[in-house]
Amino acid sequence: MASLQASNFLLSSSSSSNQIHAAISIPKLPSVRFSAPKLRQPTIQSEELNRKDGLINTIPIQNDVHSTPLVQQTSSVSMATFQLYAVLEAIADRVEMHKNIGEQRDNWNTLLLNSINMITLTAATMAGVAAATGVGAGVSVMGLKLASSVMFSAATGMLVLMNKIQPSQLVEEQRNATRLFKQLQSQIKTLLAVGSPCQDDVNDAMEKVLALDKAYPLPLLGVMLDKFPASLEPAVWWPTKQSPNSNKALNNNNGWTKELEMEMREVVEVIKRKDCEDYERLGNKALNMNKVLATSGPLLTGIAALGSAFMVSSNSPWAATVAVVAGALASAVNTFEHGGQVGMVFEMYRNNAGFFKHMQESIESTLDECDVEKKENGELFEMKVALQLGRSLSELRDVAKKSSYSRIEGSPMDEFASKLF
């Protein structure tokens with residue numbers, strides 16, 4: 001029995017060892033390699049097609065699951081900004097047009113003045129030579145008389161046209177238009193640089209451009225400004241209804257105090273009583289002088305032409321004397337009017353009066369605004385007014401105090417608001 005149990009134990013142990021060995025020595029399976037197809041990168045042609053379809057940013061292929069969203073936002077620029085840039089382009093074109101046309105009309109003034117004076121003096125010389133030669137010269141004297149009469153008549157027609165359009169005054173109009181368009185251009189650039197423009201800013205800029213076009217027209221026929229009005233009217237180059245400036249409030253009162261409002265009102269009173277009245281008075285004097293000179297020049301050349309015509313029909317010495325003297329006087333009057341640019345002086349006074357009227361309306365509209373936050377900041381507004389009048393802040397406050405004192409005492413104000421011009 002013992003021998004049988006021992007043999008069974010040996011058989012069982014040998015079988016278990018065979019099983020373990022079999023489990024351990026399992027043959028390895030052959031490794032199979034799978035090649036996954038690579039993703040193709042977008043070609044240049046597909047990117048170009050996407051751009052043509054309006055896609056600014058292509059969608060990149062991202063390997064990271066936890067990365068940022070795939071779609072990138074485009075640059076957000078408001079439509080008002082694009083429109084203001086379009087207005088800037090139109091303003092730059094107008095600046096160039098007014099500059100070129102101003103140079104052309106300055107040439108008109110010089111060329112017409114020299115030509116008319118040369119024609120007038122030549123005709124007067126011919127008339128004097130014909131009168132001094134006498135009757136015996138025959139045909140040559142008759143030719144001088146006819147040429148003198150024709151030249152005086154031509155000078156009369158040219159002078160009437162020149163006095164009608166007043167080239168020196170037209171040049172001053174183009175100068176002022178160029179300066180004001182550049183000023184508006186600078187204001188829009190400042191708004192684009194430091195502010196966030198809205199549609200109201202675009203509308204306001206377009207209204208200012210159209211107002212300048214109306215105040216300083218480029219054509220001569222139909223829309224030319226009246227060069228000889230009944231009296232001086234200040235130039236108006238701003239919209240009749242101005243939108244209030246909307247600046248962010250720096251404090252509760254947006255820089256405005258009762259003292260500052262009283263100061264601005266006193267400045268307006270000084271501008272009304274002194275600056276506006278003075279420039280209107282001087283402008284009316286320049287206008288009346290220009291009217292007299294514009295009438296006298298063609299009248300004198302016309303008298304000289306009649307004197308030359310009487311010289312042709314009769315050999316009267318008085319006709320020759322009238323032709324020569326009237327021609328010389330016409331040349332002197334023409335030189336004083338257009339060489340002295342009396343029309344330009346009148347236009348300068350008209351624009352200065354318009355400048356003070358603009359300041360007056362700007363200050364009053366700002367003070368009348370009830371909403372404090374819609375007003376321009378008070379401290380900034382005071383500085384702008386002082387700079388436009390050529391004064392420091394302390395000088396501006398002194399002018400307001402003097403104006404208040406003079407109104408209380410009933411004494412006349414002896415100081416102007418502006419020290420700039």
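No more than 12 heavy-atom neighbours from other residues, nucleotides or ligands sit within 6.0 angstrom of CE on Met289. Heavy-atom contacts from other residues, nucleotides or ligands closer than 6.0 Å to CE of Met206 number 12 or fewer. At most 12 heavy atoms of other shown residues, nucleotides or ligands fall within 6.0 angstrom of atom NZ in Lys402.
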For Trp238 and Glu361: C-alpha separation, side-chain torsions, deciding distance, then whether side chain to side chain donor-acceptor pair (under 3.5 Å) applies. CA-CA 10 Å; Trp238 57 93; Glu361 291 185 3; 2.8 Å; yes
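Scanning both residues, Gln388 and Leu420, for their nearest heavy atoms gives O-CD2, 3.8 Å. In terms of heavy atoms, Ser404 sits closest to Glu266 at N-OE1, 3.4 Å. Val324 and Ala124 make their closest contact through CG2-O, 3.5 Å (heavy atoms, listed as atom of the first residue, atom of the second, distance). Of all heavy-atom pairs spanning Ser149 and Ala305, the tightest one is OG-O, 3.7 Å. Nearest approach of Val270 to Glu415, heavy atoms of both residues: CG1-O, 3.8 Å. Smallest separation of non-hydrogen atoms from Ala80 and Val202: O-CG2, 3.5 Å.
Figure legend: Lys291 and Phe228 shown without cation-pi pairing, the cationic atom not lying both under 6.0 angstrom from the six-membered ring centre and within 45 degrees of its axis.
In this structure, the side chains of Lys285 and Asn288 stay at 4.5 Å or more apart for every pair of heavy atoms. Here the side chains of Lys182 and Gln187 are not in contact, with every heavy-atom distance at 4.5 Å or above. Counting heavy atoms from C-beta on, the side chains of Phe181 and Asp93 never come closer than 4.5 Å.
Between the side chain of Asp201 and the main chain of Cys198, a donor-acceptor pair closer than 3.5 Å is present. Formation of a donor-acceptor pair under 3.5 Å by the Asn334 side chain with backbone atoms of Ala330 is not found in this model. With hydrogens and angles ignored, the 3.5 Å screen pairs no side-chain donor or acceptor of Asn109 with any backbone N or O of Pro167. In this structure, Thr366 contributes its side chain and Ser362 its backbone to a donor-acceptor pair below 3.5 Å. Here the side chain of Asn254 pairs no donor or acceptor atom with the backbone of Gly378 at under 3.5 angstrom. In terms of modelled atom types and a separation under 3.5 Å, the side chain of Thr301 and the main chain of Pro298 share a donor-acceptor contact. No donor-acceptor pair closer than 3.5 Å links the side chain of Arg265 to the backbone N or O of Ile363. Between the side chain of Lys145 and the main chain of Ala127, no donor-acceptor pair closer than 3.5 Å is present. Judged by distance alone, with hydrogens and angles left aside, the side-chain atoms of Glu409 form no donor-acceptor pair with the main-chain N or O of Ser406 at under 3.5 Å. Between the side chain of Ser148 and the backbone N or O of Leu144, no donor-acceptor pair lies under 3.5 Å.
Checked against Lys272 for a salt bridge (charged side-chain N to carboxylate O under 4.0 Å, His left out), the options Glu364, Glu280, Glu277 give a single hit: Glu364. For the side chain to side chain donor-acceptor pair (under 3.5 Å) with Glu172, the qualifying choice from Gln169, Gln174, Arg175 is Arg175, the only one to do so. Exactly one of Leu113, Leu112, Asn114 qualifies for a side-chain contact (heavy atoms from CB on, under 4.5 Å) with Thr110. That residue is Asn114. Evaluated for a salt bridge (charged side-chain N to carboxylate O under 4.0 Å, His left out) with Lys375, the options Glu382, Glu261, Glu369 yield exactly one hit, Glu261. When Phe355, Phe356, Phe346 are each tested for a ring-ring contact (aromatic ring centres under 6.0 Å, His included) with Tyr279, only one passes: Phe356.
Distance CZ/Arg273 to CG/Asp278: 14.0 Å, rounded to 0.5 Å. Between Gln199 atom CD and Asp204 atom CG the span is 11.5 Å, to the nearest 0.5 Å. To the nearest 0.5 Å, the span separating CZ on Arg350 from CG on Leu287 amounts to 11.0 Å. To the nearest 0.5 Å, atom OG of residue Ser168 and atom NE2 of residue His338 are 7.0 Å apart. For the atom pair CD of Gln185 and CG of Leu88, the computed distance is 6.0 Å after rounding to the nearest 0.5 Å. The line from CG of Leu146 to CE of Met311 is 10.0 Å long, rounded to the nearest 0.5 Å.
For residues 119-129, there are no side chain to side chain donor-acceptor pair (under 3.5 Å) pairs, not counting sequence neighbours.
When only modelled atom types and interatomic distance are considered, Glu103 and Asn107 share no side-chain donor-acceptor pair under 3.5 Å. For His98 and Asn176, the side-chain atoms include no donor-acceptor pair closer than 3.5 Å.
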Report, one line per pair, each donor and acceptor closer than 3.5 Å where one atom sits in a side chain of residues 188-196; sequence neighbours left out.
unit_1	atom_1	unit_2	atom_2	d
Thr190	OG1	Ser186	O	2.9

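For Asp398 and Arg391, the salt-bridge test fails: no basic side-chain N is under 4.0 Å from an acidic carboxylate O. Salt bridge absent: Glu259 and Arg397 never bring a charged side-chain N and a carboxylate O closer than 4.0 Å. Salt bridge status for Glu173 with Arg105: absent, with no side-chain N to carboxylate O gap under 4.0 Å.
Using cut-offs of 30° and 60° on the angle between ring planes, the pair Trp256 and Phe381 is tilted.
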